[in-house]
Amino acid sequence: QVQLVESGGGLVQAGGSLRLSCAASGRTFSSPDIGWFRQAPGKEREFVAAVDWSGVNTYYADSVKGRFTISRDNTKNRAYLQMNTLKPEDTAVYYCAAGVGPISAVDFRSWGQGTQVTVSS
């Protein structure tokens with residue numbers, strides 16, 4: 001089991017940027033795929049992005065493609081979500097998750113507690 005802790009959330013104006021970080025501990029971090037999800041008030045949790053164990057292969061939701069970039073540094077047991085050109089509709093609690101499987105269909109088993117991102121118009 002991987003333990004995950006997110007950080008880097010906050011309040012930003014529309015058009016701004018934030019970088020979320022996911023710190024991992026527990027079993028070997030370099031093994032699982034890492035994903036970011038988000039949940040806005042009154043809505044279901046939705047997939048944002050995923051990166052495979054190597055950091056080479058990535059997968060994005062259409063709503064963030066071209067604006068968000070997922071990456072990882074296995075030497076630091078961390079994953080990141082760089083968010084640019086933020087929109088008010090990006091406001092949500094963002095969660096980091098770990099799992100295994102094909103990059104477009106990862107079975108996520110471990111979850112962090114989330115970090116709030118608020119984008120003002």
Side-chain angles (χ1 to χ4, degrees):
Q1 189 88 4
V2 177
Q3 288 77 48
L4 305 169
V5 178
E6 304 91 337
S7 62
L11 174 64
V12 63
Q13 288 189 330
S17 298
L18 279 176
R19 188 194 196 201
L20 305 184
S21 179
C22 174
S25 60
R27 61 167 287 184
T28 305
F29 177 73
S30 59
S31 297
D33 303 323
I34 297 295
W36 285 94
F37 290 75
R38 65 187 182 186
Q39 187 167 19
K43 295 187 177 181
E44 293 189 355
R45 187 176 297 185
E46 65 173 354
F47 169 80
V48 174
V51 59
D52 73 353
W53 65 273
S54 71
V56 172
N57 298 302
T58 57
Y59 188 68
Y60 295 93
D62 288 343
S63 58
V64 305
K65 204 171 292 184
R67 299 188 298 123
F68 291 10
T69 303
I70 188 171
S71 63
R72 67 190 296 164
D73 185 343
N74 290 339
T75 65
K76 297 181 179 179
N77 286 352
R78 284 185 177 269
Y80 306 95
L81 185 68
Q82 178 66 43
M83 306 186 295
N84 298 329
T85 319
L86 282 161
K87 305 175 181 179
E89 51 264 44
D90 294 319
T91 295
V93 177
Y94 283 71
Y95 298 89
C96 175
V100 294
I103 195 59
S104 60
V106 178
D107 179 17
F108 290 102
R109 298 289 182 92
S110 301
W111 295 83
Q113 294 300 305
T115 185
Q116 176 70 46
V117 172
T118 303
V119 185
S120 62
S121 57

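Computed from heavy atoms alone, side chains included, the values below leave out hydrogens, waters and symmetry copies. Nothing fancy with the numbering, it's 1 onward along the sequence.
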### Query
Is Lys65 atom NZ crowded by more than 12 heavy atoms from other residues, nucleotides or ligands, each under 6.0 Å away?
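Enclosed: over 12 neighbouring heavy atoms sit under 6.0 Å from NZ of Lys65.
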### Task
Apply the test side-chain contact (heavy atoms from CB on, under 4.5 Å) to residues Leu20 and Glu6: give CA-CA distance (whole Å), side-chain angles for both, the deciding distance (0.1 Å), then the verdict.
CA-CA 7 Å; Leu20 305 184; Glu6 304 91 337; over 6 Å; no
For the pair [X] (side chain) and [Y] (backbone), establish whether a donor and an acceptor sit closer than 3.5 Å, ignoring hydrogens and angles.
| X | Y | result |
| --- | --- | --- |
| Tyr80 | Thr69 | no |
| Asp52 | Gly55 | yes |
| Arg109 | Val2 | no |

Heavy-atom pair of closest approach, residues [X] and [Y]:
| X | Y | answer |
| --- | --- | --- |
| Thr85 | Ser17 | N-OG, 4.3 Å |
| Phe108 | Ala50 | CZ-CB, 4.3 Å |
| Asp33 | Trp53 | OD1-N, 3.2 Å |
| Gly8 | Leu18 | O-CD2, 3.8 Å |

Enter the distance from [X]:[atom1] to [Y]:[atom2] here, rounded to the nearest 0.5 Å.
| X | Y | atom1 | atom2 | answer |
| --- | --- | --- | --- | --- |
| Cys22 | Leu4 | SG | CG | 4.5 Å |
| Arg72 | Arg78 | CZ | CZ | 13.5 Å |
| Phe47 | Trp36 | CZ | CH2 | 12.5 Å |
| Ile34 | Ser71 | CD1 | OG | 11.5 Å |

Single-linkage hydrophobic cluster, 4.5 Å side-chain cutoff, [X] and [Y] together:
| X | Y | answer |
| --- | --- | --- |
| Val117 | Val64 | yes |
| Leu81 | Val12 | yes |
| Ile70 | Val106 | no |

In a table with atom names and distances, give each donor-acceptor pair under 3.5 Å that connects a side chain of residues 90-105 to protein atoms at least two apart or in another chain.
{"from": "Asp90", "atom 1": "OD1", "to": "Arg38", "atom 2": "NH1", "distance (Å)": "2.9"}
{"from": "Asp90", "atom 1": "OD1", "to": "Arg67", "atom 2": "NH2", "distance (Å)": "3.0"}
{"from": "Asp90", "atom 1": "OD2", "to": "Arg67", "atom 2": "NH1", "distance (Å)": "2.7"}
{"from": "Asp90", "atom 1": "OD2", "to": "Arg67", "atom 2": "NH2", "distance (Å)": "3.4"}
{"from": "Asp90", "atom 1": "OD2", "to": "Lys87", "atom 2": "N", "distance (Å)": "2.8"}
{"from": "Thr91", "atom 1": "OG1", "to": "Pro88", "atom 2": "O", "distance (Å)": "2.9"}
{"from": "Thr91", "atom 1": "OG1", "to": "Val119", "atom 2": "N", "distance (Å)": "2.9"}
{"from": "Thr91", "atom 1": "OG1", "to": "Val119", "atom 2": "O", "distance (Å)": "3.4"}
{"from": "Tyr94", "atom 1": "OH", "to": "Arg38", "atom 2": "NH1", "distance (Å)": "2.9"}
{"from": "Tyr94", "atom 1": "OH", "to": "Asp90", "atom 2": "O", "distance (Å)": "2.6"}

### Task
Start with the C-alpha distance between Phe37 and Trp111, add both sets of side-chain angles, then the distance that settles ring pair (Phe, Tyr, Trp, His ring centres under 6.0 Å), and finish with yes or no.
CA-CA 10 Å; Phe37 290 75; Trp111 295 83; 4.8 Å; yes
### Task
Return the set of residues passing side-chain hydrogen bond (donor to acceptor under 3.5 Å, both in side chains) with Ser120 (not counting sequence neighbours), or none when no residue passes.
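Partners of Ser120 by the side-chain hydrogen bond (donor to acceptor under 3.5 Å, both in side chains) criterion come out as none, since no residue qualifies.
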